[in-house]
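Structure record follows, encoded as structure tokens.
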Protein chains: 2
Amino acid sequence: MRNLPIHIAISPDLYTKNPDSSDLGRRIVCTSIEMIDELGFEAFTFKKLGSRIGSNESSVYRYFESKHMLLLYLINWYWSWTEYQLAFAVHNIESPREKLEKAIRIFTQKIDVDNSFSHINEAILGRIIIAESSKAYHTKDVDKENEKGFYKTYKRLVKRVSEMILEINPSFEFPHMLTTTVIEGAHHQRYFSEHLPALTDFEEGKNNIVRFYTDLVFKAIENR
Amino acid sequence: MRNLPIHIAISPDLYTKNPDSSDLGRRIVCTSIEMIDELGFEAFTFKKLGSRIGSNESSVYRYFESKHMLLLYLINWYWSWTEYQLAFAVHNIESPREKLEKAIRIFTQKIDVDNSFSHINEAILGRIIIAESSKAYHTKDVDKENEKGFYKTYKRLVKRVSEMILEINPSFEFPHMLTTTVIEGAHHQRYFSEHLPALTDFEEGKNNIVRFYTDLVFKAIENR
DNA sequence: TGCTTTTTGATAGTATTACTATTATATTTG
DNA sequence: CAAATATAATAGTAATACTATCAAAAAGCA
């Protein structure tokens, strides 16, 4: 997938004006990624963002209704991008086990920059997803927002991986649980490894997160 | 453990004045649990809490420095309570496998009220832990707060379960990862089952969450 | 080129939040 | 009963998460 100019389409429900349609919009997105990473989501404001990009608050509001909608946009962008990574990784691979192994690696390995999408730094965005994405759905509005389709990118990805699992073992009862356990779990382990190391068994360069979850999945779907 | 007046001690670093030392303090804690559950953590304020308990904002601030510290207090209370549940459940049990199985059940089953602690409703508190607890450590201050010991109750619990795992298989490489994967994972599944069912395989009354994670753990620690 | 439409920028304003500070009034304790 | 302590009431502050308005700049196009 490297260096191919693939375009990631985001549902118009997630923005007021498409940030990909103007230079200002793209600067809003890429600078917001930097700033959320630097300041954390709570300390990040549209006012600060506006002044950093040499514009102002009201211009940002013309693209995104709220901070929260911007976060949802970023999350959906990230999962769409991951979906492409996944599609590319399993392309032309026959073996269902090999396909699943590649998928697990994508979710559990360190997130790397992908040159295909110039203005977005996926490594930084990955850190935001790890640290902030749960705040997007742990809200009193989840149900309403779920109906509006704000989480559909993630759900589609989970469905895709679940199908890979069923390809290997069609009688496995819990493919969705296993998939979300791996995706969310890997994020936790990455976060813990940096901030709460007592909660993990991370060791630099030993690929423990990938190894742990790969082993976990293949043992789980085995018919004893 | 039912109906025994066990006392849960919380580190004084987590409060300004011990809420367990006065009637007002206990009302602050138990009413805050109700209100966070009703309103969600972001919409919950000390002002609203003060007026609900027939007191006011400034009185609440005398017990807790901030909303965030109150959340940390609740989280530590919850994990201490879970630690008691765990100790009680494995007491007098010889078999390491049976002990671990009981532990997994405690983390994955539906949270139930425990009559031992009159003023706190553990079932509601459990919902708060599931929906809000990740907000406590996904902050720019994690490292500082970790040094101050604000997460030590949770870390101690994870350590305890990790030791149970190692009792069964001393050569298992990732006991902490496995433990946090189960605890955090089970919380996610409970949340998803209510709000994002496409992400899980929950079915009422079929005990899928307990079954899934029990199976996952025992297969994972097996030496193939 | 001029003219219109659209996009952006600047300023102002609002309600609410997350506090702090002060002081008066209860309540407890010695 | 006095002194100490706990609580309640009020006021105030800086910041946040927006909304509204309007002028200036840029883009589209005849």
Legend entry - Sorted by number, the residues of residues 9-19 of chain B with heavy-atom contact under 4.0 Å to DNA chain C: none

Inset, instruction - Verify the neighbour count for atom NZ of B/K47: are there more than 12 heavy atoms of other residues, nucleotides or ligands below 6.0 Å? - result: no

Legend entry - Reference residue A/Y191; test ring-ring contact (aromatic ring centres under 6.0 Å, His included); the match among A/H195, A/H188, A/H187: A/H195

Legend entry - Rounded (10°) bend between the five-pair end axes of the helix from C/dT1-D/dA30 to C/dG30-D/dC1: 20°

Legend entry - No-hydrogen, no-angle side-chain donor-acceptor test under 3.5 Å, B/T200 and B/S193: no

Inset, instruction - Please list all pairs passing the salt bridge (charged side-chain N to carboxylate O under 4.0 Å, His left out) test where one or both residues lie in residues 191-200 of chain A, with sequence neighbours left out. - result: none

Legend entry - Boundaries of the DNA chain D segment in contact with chain A, non-hydrogen, under 4.0 Å: D/dT16 to D/dA20

Inset, instruction - For each nucleotide in nucleotides 18-30 of chain C, reading 5' to 3', give B when a protein heavy atom comes within less than 4.0 Å of its base, S when such contact involves only the sugar-phosphate, and - otherwise. - result: SBBB---------

Legend entry - Atom pair distance, as rounded to whole Å: NZ in B/K47 and C1' in C/dA15: 11 Å

Legend entry - Any residue meeting ring pair (Phe, Tyr, Trp, His ring centres under 6.0 Å) with A/Y154, in chain and number order, not counting sequence neighbours: A/W79

Inset, instruction - Pick base, sugar-phosphate or nothing for A/S59, based on heavy-atom distances below 4.0 Å to the nucleic acid. - result: base

Legend entry - Test: A/E42 and A/K135 ion pair at under 4.0 Å: yes

Inset, instruction - Check the distance between C/dG9's P and A/N56's CG and give it to me in whole angstrom. - result: 6 Å

Inset, instruction - Using a 4.0 Å heavy-atom cut-off across all strands, classify A/F64 as base, sugar-phosphate, or nothing. - result: nothing

Legend entry - Side chain to side chain, A/T179 and A/L157, heavy atoms closer than 4.5 Å: no

Inset, instruction - Within residues 132-146 of chain B, find the residues that approach DNA chain D with a heavy atom at under 4.0 Å, and present them sorted by residue number. - result: none

Inset, instruction - Check ring pair (Phe, Tyr, Trp, His ring centres under 6.0 Å) between B/F41 and all other residues, then give those that pass, not counting sequence neighbours. - result: none

Inset, instruction - Would you mind telling me which of A/Y15, A/Y73, A/F46 makes a ring-ring contact (aromatic ring centres under 6.0 Å, His included) with A/F64? - result: A/Y73

Legend entry - All pairs passing salt bridge (charged side-chain N to carboxylate O under 4.0 Å, His left out) where residues 19-28 of chain B contributes a residue, at least two apart: B/D23-B/R27

Inset, instruction - Could you state the atom-to-atom distance from CZ of A/R62 to C1' of C/dT5 in whole Å? - result: 14 Å

Inset, instruction - If a pair satisfies side-chain hydrogen bond (donor to acceptor under 3.5 Å, both in side chains) and one of its residues is in residues 28-39 of chain B, list it, with sequence neighbours excluded. - result: B/D37-B/R127, B/E38-B/R52

Legend entry - Positive for ring-ring contact (aromatic ring centres under 6.0 Å, His included) with B/F174, one of A/F212, A/F202, A/Y213: A/F212

Inset, instruction - Name all pairs fulfilling the salt bridge (charged side-chain N to carboxylate O under 4.0 Å, His left out) condition that reach into residues 56-84 of chain A, sequence neighbours left out, sorted by first residue then second. - result: A/E83-A/R156, A/E83-A/R160

Inset, instruction - Report the residues that fulfil side chain to side chain donor-acceptor pair (under 3.5 Å) with B/S55, sequence neighbours left out, ordered by chain and then residue number. - result: B/S59

Legend entry - Backbone N/O of A/D201 and side chain of A/N208: donor-acceptor pair under 3.5 Å: yes

